[in-house]
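Below you'll find the structure, written out as structure tokens, and then a few comments.
All figures in this text were calculated on a predicted structure; none of them were measured in a lab.
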Amino acid sequence: TIVQKPLAFNWDDCCAIGDAVARSGIFFGVHENFRFQGPMMRVKQLLESNEIGQPSFARIYFRTAFDVFFAQPYLAKQKRLAIQDVGVHVLDLARYFLGEVKHLSCETQQRIADITGEDTATMLLRHTSDAVSVVEISFSAKRSPDVFPETLLEIEGDKGCIRLDADGQIDVASGGGNRIEDASVPLLSWTEKPWHVTQASVLDTNRHMMQAFRAKKMPDTNIADNLRTIALVEAAYEAARTGRAVVPKVWVAGEAR
């Protein structure tokens with residue numbers, strides 16, 4: 001089974017899916033494709049090669065004014081919008097690069113008229129490694145150029161910094177110098193700009209799923225992994241509602257809730 005994100009619209013239902021998977025033992029992957037974008041996979045390689053040392057700070061952001069409501073008008077009526085729609089992807093990237101999260105703070109805004117949910121969210125995460133990350137989502141950012149649908153980032157470590165700019169350009173500062181790497185995603189016969197980065201990530205996500213299935217193991221984006229990301233989504237909404245830092249929930253298979 002391969003499912004889209006989010007698994008469900010509330011924590012208990014997501015956990016119930018996790019419990020069912022744990023009981024059945026079936027192959028189960030979540031189609032969390034942002035970490036399979038070409039530039040993101042290259043950033044992960046750079047981190048794992050100790051290019052910038054131990055990461056201590058990151059800013060990861062998806063900011064656009066692209067009219068997401070034109071093709072998906074139902075989004076205008078969603079009570080949970082930016083965090084649950086795209087924020088789940090960017091929060092997953094924060095975990096992917098810096099590890100699990102101790103606690104999370106969040107401020108939401110509604111800057112677009114005639115919608116129900118938040119169009120902007122700014123989140124501050126303290127990771128268990130003691131690194132700090134800032135995660136930003138906005139559907140109302142009047143930026144020029146608007147690089148929709150790209151996610152940009154910068155990660156600082158004790159030996160240097162990685163910055164992912166538009167069109168897959170990665171600036172690596174390390175060892176007293178810096179270099180630019182081209183991690184842009186080439187167009188395939190069936191992809192088109194500006195969607196090609198996301199479209200190609202679907203291919204790479206499914207490739208990973210198939211490789212894991214053939215190897216008789218769970219994919220990286222398995223149910224337990226994805227529930228840790230969903231827990232950050234839930235924590236973000238609670239933090240925005242209460243005005244305080246929130247410790248993410250933890251799923252334990254079969255545990256009463």
Side-chain angles (χ1 to χ4, degrees), residues 5 32-43 46 57-76 78 80-94 96-98 104-125 132-156 161-173 178 180-187 191-202 232-233 236-237 239-240:
K5 62 81 202 168
E32 178 47 74
N33 62 302
F34 272 40
R35 65 167 76 178
F36 291 101
Q37 292 179 4
M40 300 304 174
M41 291 192 287
R42 180 54 185 154
V43 169
L46 290 168
F57 174 84
R59 179 189 177 211
I60 311 174
Y61 54 105
F62 181 100
R63 305 189 71 88
T64 184
F66 182 85
D67 187 1
V68 297
F69 307 102
F70 178 77
Q72 299 171 286
Y74 63 88
L75 289 177
Q78 292 290 111
R80 290 182 165 194
L81 180 54
I83 300 172
Q84 186 148 280
D85 185 58
V86 175
V88 61
H89 289 305
V90 188
L91 287 166
D92 187 72
L93 288 174
Y96 184 54
F97 294 135
L98 274 73
L104 178 157
S105 302
C106 178
E107 296 290 343
T108 58
Q109 296 170 282
Q110 188 184 98
R111 302 191 288 172
I112 300 173
D114 302 320
I115 65 172
T116 302
E118 79 287 351
D119 57 62
T120 299
T122 307
M123 292 163 275
L124 178 65
L125 287 60
V132 170
S133 64
V134 179
V135 173
E136 304 172 19
I137 313 296
S138 184
F139 297 149
S140 57
K142 305 298 191 290
R143 300 169 62 84
S144 181
D146 191 324
V147 298
F148 177 88
E150 294 185 66
T151 303
L152 307 182
L153 61 79
E154 51 196 75
I155 302 176
E156 298 174 3
C161 178
I162 297 169
R163 189 179 73 240
L164 171 60
D165 294 323
D167 198 26
Q169 300 305 297
I170 300 177
D171 187 311
V172 183
N178 77 295
I180 304 295
E181 290 195 9
D182 182 4
S184 58
V185 176
L187 283 173
T191 63
E192 61 180 350
K193 293 185 176 181
W195 306 95
H196 62 297
V197 176
T198 301
Q199 290 168 331
S201 75
V202 173
L232 298 185
V233 172
Y237 281 113

Side chains of D182 and Q169 in contact at under 4.5 Å (non-hydrogen atoms)
yes
Identify the heavy atoms of A166 and V147 that sit nearest to each other, and give their distance.
CB-CG1, 3.6 Å
Please report the interatomic distance CZ(F34) to OH(Y96), rounded to the nearest 0.5 Å.
14.0 Å
Which pair of heavy atoms, one from D119 and one from I112, lies closest together, and at what distance?
OD2-N, 2.8 Å
Minimum heavy-atom separation for A121 to C106, with atom names?
CB-SG, 4.4 Å
Shortest non-hydrogen contact from P39 to A183?
CG-O, 3.5 Å
Can L46 and E181 be said to form a side-chain contact (heavy atoms from CB on, under 4.5 Å), step by step?
CA-CA 11 Å; L46 290 168; E181 290 195 9; 3.9 Å; yes
What distance do I162 atom CD1 and N178 atom CG have between them, rounded to the nearest 0.5 Å?
12.5 Å
Would R143 and S138 count as a side chain to side chain donor-acceptor pair (under 3.5 Å) here? Give the steps.
CA-CA 11 Å; R143 300 169 62 84; S138 184; over 6 Å; no
Verdict with supporting geometry, M40 and L153, side-chain contact (heavy atoms from CB on, under 4.5 Å)
CA-CA 9 Å; M40 300 304 174; L153 61 79; 3.7 Å; yes
Gap between atom CD of E118 and atom CD of Q84 - 0.5 Å precision:
8.5 Å
Of all the heavy-atom pairs spanning V185 and H196, show the shortest one and how long it is.
O-CD2, 3.1 Å
Rounding to 0.5 Å, atoms NE2 (H89) and OG1 (T151) come to a distance of 8.5 Å
Evaluate side chain to side chain donor-acceptor pair (under 3.5 Å) for D167 paired with S184, printing each intermediate quantity in order.
CA-CA 5 Å; D167 198 26; S184 58; 4.9 Å; no
To the nearest 0.5 Å, tell me how far E150 CD sits from Y61 OH.
10.5 Å
When you measure from the side chain of K5 to the backbone N and O of D85, does any donor-acceptor pair fall under 3.5 Å?
yes
Does a side-chain heavy-atom distance below 4.5 Å link I115 with F139?
no
Please check if the number of heavy atoms outside Q72 that lie under 6.0 Å from its CD is greater than 12.
yes
Give the intermediate values and the outcome of side-chain contact (heavy atoms from CB on, under 4.5 Å) for residues Q78 and T116.
CA-CA 6 Å; Q78 292 290 111; T116 302; over 6 Å; no
Can any side-chain N or O of N33 pair as donor or acceptor with the backbone N or O of S201 at less than 3.5 Å?
no
Show your working on side-chain contact (heavy atoms from CB on, under 4.5 Å) between L152 and R63 and close with a plain yes or no.
CA-CA 9 Å; L152 307 182; R63 305 189 71 88; over 6 Å; no
Quick one: sort the F66 and F148 rings into parallel, tilted or perpendicular, breaks at 30° and 60°.
parallel
How close do A65 and D146 get, heavy atom to heavy atom, and via which atoms?
N-OD2, 2.8 Å
Can you find a heavy atom in the side chain of L104 that is under 4.5 Å from one in the side chain of L91?
yes
Only one of T108, V90, I137 passes side-chain contact (heavy atoms from CB on, under 4.5 Å) with M123, and that residue is I137
Rounded to the nearest 0.5 angstrom, the CZ-CG distance for R35 and D92 is 4.0 Å
Under a 3.5 Å distance rule, please check whether Q199 uses its side chain to pair with a backbone N or O of E192 as donor and acceptor.
yes
